[in-house]
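So the structure is just underneath, and the comments pick up after that.
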Amino acid sequence: DGGITQSPKYLFRKEGQNVTLSCEQNLNHDAMYWYRQDPGQGLRLIYYSQIVNDFQKGDIAEGYSVSREKKESFPLTVTSAQKNPTAFYLCASRNSGTQETQYFGPGTRLLVL
Amino acid sequence: GESVGLHLPTLSVQEGDNSIINCAYSNSASDYFIWYKQESGKGPQFIIDIRSNMDKRQGQRVTVLLNKTVKHLSLQIAATQPGDSAVYFCAEKGARGGSYIPTFGRGTSLIVHP
């Protein structure tokens with residue numbers, strides 16, 4: 001099966017703790033994205049990566065970090081600097097060659113204990 | 001700034017009725033639009049897309065209409081079923097520093113009553 005997977009489905013964070021959300025795709029897509037979704041709001045871009053070993057800040061990058069060491073993987077770390085991390089996090093990927101459609105993973109819901 | 005917005009936050013319909021979900025965009029240079037369906041607790045799913053050189057595109061039970069004159073996009077769902085209940089949002093192709101960055105609307109919640 002080809003697609004985008006995110007894990008875990010639910011994640012709990014204690015105060016002062018860093019947590020990492022996983023995003024993996026086997027679609028051979030070059031571009032990957034992380035979004036945050038809060039209730040009743042649209043998707044807000046956290047970070048994006050057009051190619052391996054390169055990534056750019058989105059609109060709400062503060063308190064988050066990413067890496068792109070492999071084409072198929074784009075993990076997102078929510079650091080202790082992010083004071084309001086409770087949200088639904090969505091990863092997406094796109095074939096930057098010819099395709100303009102982003103495809104999304106199932107999401108990870110992050111909750112603060 | 002540029003924005004993509006939705007006219008109605010919630011739309012309630014009866015099973016079997018046709019549904020119309022609207023979206024306004026502000027960037028007249030936009031040339032590609034996508035509709036997504038997002039069920040509760042899940043990631044958005046691609047439904048249908050349309051390019052600016054088209055006015056209408058049909059899929060299975062769905063039709064997207066594009067009116068470039070008034071910068072308006074709509075998604076029509078025929079014979080709406082309970083399984084269509086979800087949040088629908090449109091996305092507009094955008095660019096940032098040469099990178100493809102779409103702009104998403106807030107979404108419309110479609111509720112289908114059996």
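Within every chain, numbering begins at 1; the chains are lettered A, B, ... in the order of the sequence lines, protein sequences first and strands thereafter.
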hydrophobic_cluster_shared for [Y] and [X], side chain cutoff 4.5 Å:
X     : Y     : result
A:F12 : A:Y89 : no
A:Y33 : B:F89 : yes
B:V13 : B:I47 : yes
B:L11 : B:V64 : yes
A:I4  : A:F74 : no

| Can you tell me how far CD1 of B:I101 sits from CD of A:Q50, rounded to the nearest 0.5 angstrom? | 6.0 Å

| request: Output the distance between atom NZ (A:K9) and atom NZ (B:K42), rounded to the nearest 0.5 Å. | output: 8.0 Å

| Got B:Y32 and A:T101 here, is their nearest side-chain heavy-atom distance under 4.5 Å? | yes

| message | For a side-chain contact (heavy atoms from CB on, under 4.5 Å) check, start with the C-alpha distance between A:Q37 and B:V87, then their side-chain angles and the critical distance, and finish with the verdict. | response | CA-CA 13 Å; A:Q37 188 176 38; B:V87 173; over 6 Å; no

| task | Might you point out which heavy atoms bring B:P44 and A:F104 nearest each other, and give the distance in Å? | result |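 Closest pair (atom of B:P44, atom of A:F104, distance): O-CB, 3.5 Å.
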
| task | Taking all non-hydrogen atoms of both residues into account, name the closest pair between A:L90 and B:G43 and its distance. | result | CD2-CA, 3.6 Å

| task | Could you list which of residues 55-70 of chain A have a heavy atom closer than 4.5 Å to any heavy atom of chain B, in residue-number order? | result | A:G58, A:D59

| query | So which part of B:Q38 gets closer than 4.5 Å to some heavy atom of chain A, the side chain, the backbone, both or neither? | reply | side chain

| field | Top of A:P106, A:G105, A:A92 for chain B proximity - count of heavy-atom pairs under 4.5 angstrom | value | A:P106

| Stepwise side-chain contact (heavy atoms from CB on, under 4.5 Å) test for B:F104 and A:Q102 | CA-CA 12 Å; B:F104 295 91; A:Q102 284 182 326; 3.3 Å; yes

